[in-house]
Amino acid sequence: MKKYDHKKIEKKWQKEWIDKGIYKTEDTSKKNSFYILDMFPYPSGSGLHVGHPKGYIATDVYSRMQRMKGFNVLHPMGWDAFGLPAEQFAIKNKVHPRIAVEKNVARYKEQLQMIGLDYDWSREVNTTDPEYYKWTQWTFLKMYEKGLAFESDEPINWCDDCKTGLAQEDLEDGACERCGNPVIKKPLRQWVLKITDYADRMLEDLEDLNWPEYIKESQRNWIGRSEGAEITFKIKDSDLSLDVFTTRPDTLFGATYMVVAPEHSMLTELKSSIENWSEIETYAKDSVNKTEIERTAEGKEKSGVQLIGIKAINPANNEEIPVWVADYVLPQYGTGAIMAVPAHDQRDFEFAQKYKIPIIMVVCTHYPAHSCPVLEEAYPGKGHLVFSGKFDGMESDKAKDKIIKFVNGKKKVNYKLRDWVFSRQRYWGEPIPLIHCEKCGVVPVPEKDLPVRLPDVENYEPTNTGESPLTSIDEWVNVSCPSCDGPGTRETNTMPQWAGSNWYYLRYIDPQNKDALIDSKKEKKFMPVDVYVGGVEHATRHLIYARFWHKFLYDIKVVSDKEPFMELHNQGLILAEDGRKMSKRWDNTVSPDDMIERFGADAFRTYEMFMGPFENAISWNTDGMVGTRRFIDKIWKLQDKIVEEENTSIDAILHTTIQKVEGDIQSFKFNTAISAMMILANTLEDAVSLSKKQFELFLRILAPFAPYVTEELWHEIGNKESIHVNEWPSYDTKKMKVDQVTVVLQVNGKVRSSIEVTAGRKESEIRELALSDEVIEKWIDGKEIKKFIYVKDKIVNVVV
RNA sequence: GCCGGAGUGAUGAAAUUGGUAAACAUGCGCGACUCAAAAUCGCGUGCCGCAAGGCUUGUGGGUUCAAGUCCCACCUCCGGCACCA
């Protein structure tokens, strides 16, 4: 037996696999295709730590099994290299982002190859490649054509550190998700995508996806659909009126005041009629200048100012009610104004208590109500209407539609989801392919002129002027208008980090296509993605955006499925040994290079899959690598046990393990698949011998996890072709049958003894054996047997 | 507050339809080999107890011959949403 030298073996097979192209995906294969995808990384400067490849190893194991099962497997990899992380790295290290990306990509690729991942590198994509982002720009133009991309001057979230506008999805608790800086509202010209047009479809189609429930639930929360009505209140002595959105039109009779957001246009429109204008103006300005965090701080007491001289008319009962401005009403949701029903909404209740506004209960749990109770808090539930004119006594749910009709309101659905702010005032992103012309307005760059290339610049640092650094490159900015040939200027905002990742999974299928985003025959062959694996942090970011983008491509008939990703798995984080997140900052990162050098890639891969359930966050433990390395060594030594004749005594466990490993891989239970193979290895170690055929069965189910050592052994015992293109073994249920079983004997539910019997014995025989067992005899001695329970080949319970 | 998920040895964890709780692995202890160490191999390792035996899956109750698994109540932790009208 040769010595197991992992370094030598790994080097040899890496080269051989590439030379022979065994992982190449065929465009024209007659086999069924299987598409398994990793969320592609942005190549950071620090390289991979051991946490990064966990998901990649999982898809690798899965894809290798599928290939052996005869599928034409597509398992690609690429780089999401535009965006702030890459740009900030570049600024910090004083290199051009393009150079930094090139360098980092090379490093990442090298590390991934060491691990032995079976990517088809001929399909590699990079979002910063002009041939790639040409089609990102193309899709944007299609959206623009359909009216889904529009220009807006609404105040948006602005990060003063990153010096760019942000989308709702880029925030975390009111702060910039990247740098943690609290965001402020800033009026800014920007490009916005109408993702809200797709809200309902994104909600509905979630049903058909085989995704973890918590991800679907996150998306439902994020989209935040709520059904209600829009109701108009007239302003007394004025032509103006105030529209509000409410989910509780049944409580309309209890609306005792109204509130508008500080940003509401009504304020300036009523300026001359408001007696305390200066006070109102000060309040509104103060709130607008607050950060999102200050404004929504938890437990903050509500504040507001009444618009003196202004009254609104409640359309239900024609009562005059006051109008207030208060920052607890959000400008961007509904109409930016509410009818306040303090008896049935806790926020309104608190506000009304503070400012001594009447609280009228209009929904009661008991009807008829003899008196209106003094409320301690708002009652948000259902009941029967009271103090509601002709609707008295009606069930609140049933009253909703009737009251909407009564006041000429209209049913309306609102979403928490905001339209997608799609422009960034930064350099390192896809240029938005539009031209501004004095005469023609906004003119799309003609398709034949795509891509609009990102120009090289001297200084790519952000400007903080609300414009991108591209603005200062005159020779790039100034162009002639494609429509009138007059003077025009390019749009200088760039696309957000997420733009390129919206559709990269399509490009892998047809990476070299110069004439179309994707060839539709190839699209139909591979899409949708069968299994998608990535981090949970993308639940309401990438996974929302990509579904939206895909649905748009479906609408314009570029793709043929409504959804891009059928099955989704999230890998749990690998934490550092100290329990914290692995980070350069804490100096607690572990490099896969070191682990592979010391223990070998096979032991490394096996350990990452063995650590625990795939979706769990687990601390790294280098000691644990010893265990999987011992396992690999054990496998290596088994080659010495090979003899001519079959050892039928190991057939049962061998075939049971084949079945288990296959099922476990399919359900992403890699840890138990490995433990089953460890049990098999331990058994074979103790067995007297095994045949070459039997050893090959084992090698083939282990091959997806440990591709190097299995390949080496496969050849060592005389095979010529790669094990990785060999057939996945099928298990033989006949051979899985065992003839000796252990039947556990319980008395009153407590285990007292056990007997070894041949499988499939009759209950009467077992009863006789059990009751004559020495230990059992002692426990039932002299007692009456009330019940005798026998579960076949498993357990006996004697109740006395 | 609403919604989703989870609580099992020293540690990561396992437990098809309710049927031997702790498989597998690490760690630890003892032993073999060795001048010694590493590596390797063997034995042991939930808790209490000398033993017989008893106890044990967050807590309390229930159903059942039998509960980590089913039902009810509660506690704790993780995640999502959140002045969203």
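Sequence lines set the chain letters: A, B, ... in the order given, protein chains first and strands last, and positions in each chain run from 1.
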Heavy-atom pair with the smallest gap, counting every atom of A/Pro249 and A/Ala229: CG-CB, 4.4 Å
Stepwise side-chain contact (heavy atoms from CB on, under 4.5 Å) check, A/Asn210 with A/Leu568: CA-CA 7 Å; A/Asn210 184 9; A/Leu568 177 73; over 6 Å; no
B/rA36 pairs with, by Watson-Crick or G-U criteria that keep both distances under 3.5 Å: none
A/Lys302 versus A/Lys354, closest heavy-atom pair with distance: O-NZ, 2.7 Å
Nearest-nucleotide comparison on RNA chain B, the residue closer to the 5′ end among A/Asn671 and A/Gln219: A/Asn671
Donor-acceptor pair between A/Glu577 and A/Ser619 side chains, under 3.5 angstrom: no
Check against ring pair (Phe, Tyr, Trp, His ring centres under 6.0 Å), A/Phe351 and A/Tyr257: CA-CA 10 Å; A/Phe351 193 83; A/Tyr257 66 100; 5.5 Å; yes
Nearest listed nucleotide, side chain of A/Asp327, among B/rG19, B/rC83, B/rA85: B/rC83
Proximity to the side chain of A/Thr742 - top-ranked nucleotide from B/rC83, B/rU20, B/rG4: B/rU20
5' priority, RNA chain B, between A/Asn682 and A/Glu685 [closest heavy atom]: A/Asn682
Closest to side chain of A/Lys416, choosing from B/rU20, B/rA13, B/rC81: B/rC81
Between B/rU26 and B/rC43 - P atom distance, rounded Å: 14 Å
Closest to the A/Lys750 side chain, choosing from B/rG12, B/rC55, B/rC83: B/rC55
Residue-level proximity of residues 792-800 of chain A to RNA chain B when a heavy atom falls under 4.0 Å: A/Lys794, A/Ile795, A/Asn797, A/Val799
Distance, P atom - from B/rG27 to B/rA38, rounded to whole angstrom: 13 Å
Separation between the P atoms of B/rU59 and B/rU64, rounded to whole Å: 23 Å
Partner nucleotide, any strand, of B/rG79 [Watson-Crick/G-U, under 3.5 Å]: B/rC3
Pairing of A/Glu263 and A/Lys185 as salt bridge, 4.0 angstrom limit: no
Nucleotide nearest A/Arg630 (side chain, heavy atoms from C-beta), chosen from B/rC24, B/rU26, B/rA85: B/rU26
Side-chain donor-acceptor contact under 3.5 Å, A/Asp664 with A/Thr672: yes
Assigned partner base of B/rC65, Watson-Crick or wobble definition, under 3.5 Å: B/rG19
Atom-to-atom span, CG of A/Asp623 to P of B/rC24 - whole angstrom: 20 Å
Nearest-angstrom distance, C1' atom, B/rG54 to B/rC3: 44 Å
Paired nucleotide for B/rA73 [Watson-Crick or G-U wobble; both distances under 3.5 Å]: B/rU59
Check ion pair A/Glu217-A/Arg220 (N to O, under 4.0 angstrom): yes
Euclidean distance for C1', B/rU8 against B/rG80 (whole angstrom): 27 Å
N/O (side chain, A/Arg752) to phosphate O (OP1/OP2, B/rG54) under 4.0 Å: yes
Complementary nucleotide for B/rA13 - Watson-Crick or wobble, under 3.5 Å: none
G-U wobble or Watson-Crick pairing nucleotide for B/rC28 (cut-off 3.5 Å, both distances): B/rG44
Pairwise P distance for B/rA10 and B/rC48, with rounding to whole Å: 10 Å
Nearest-nucleotide pick for A/Pro613, side chain only, options being B/rC3, B/rA13, B/rU20: B/rA13
Donor-acceptor pair between A/Asp243 and A/Thr232 side chains, under 3.5 angstrom: yes
Distance, P atom - from B/rA85 to B/rG60, rounded to whole angstrom: 41 Å
Which nucleotide in B/rG27, B/rG80, B/rG4 has an atom nearest any side-chain atom of A/Ser218: B/rG80
Same-atom distance (C1') from B/rC47 to B/rA22, integer angstrom: 13 Å
B/rG9 glycosidic torsion: syn (within 90° of 0) vs anti: syn
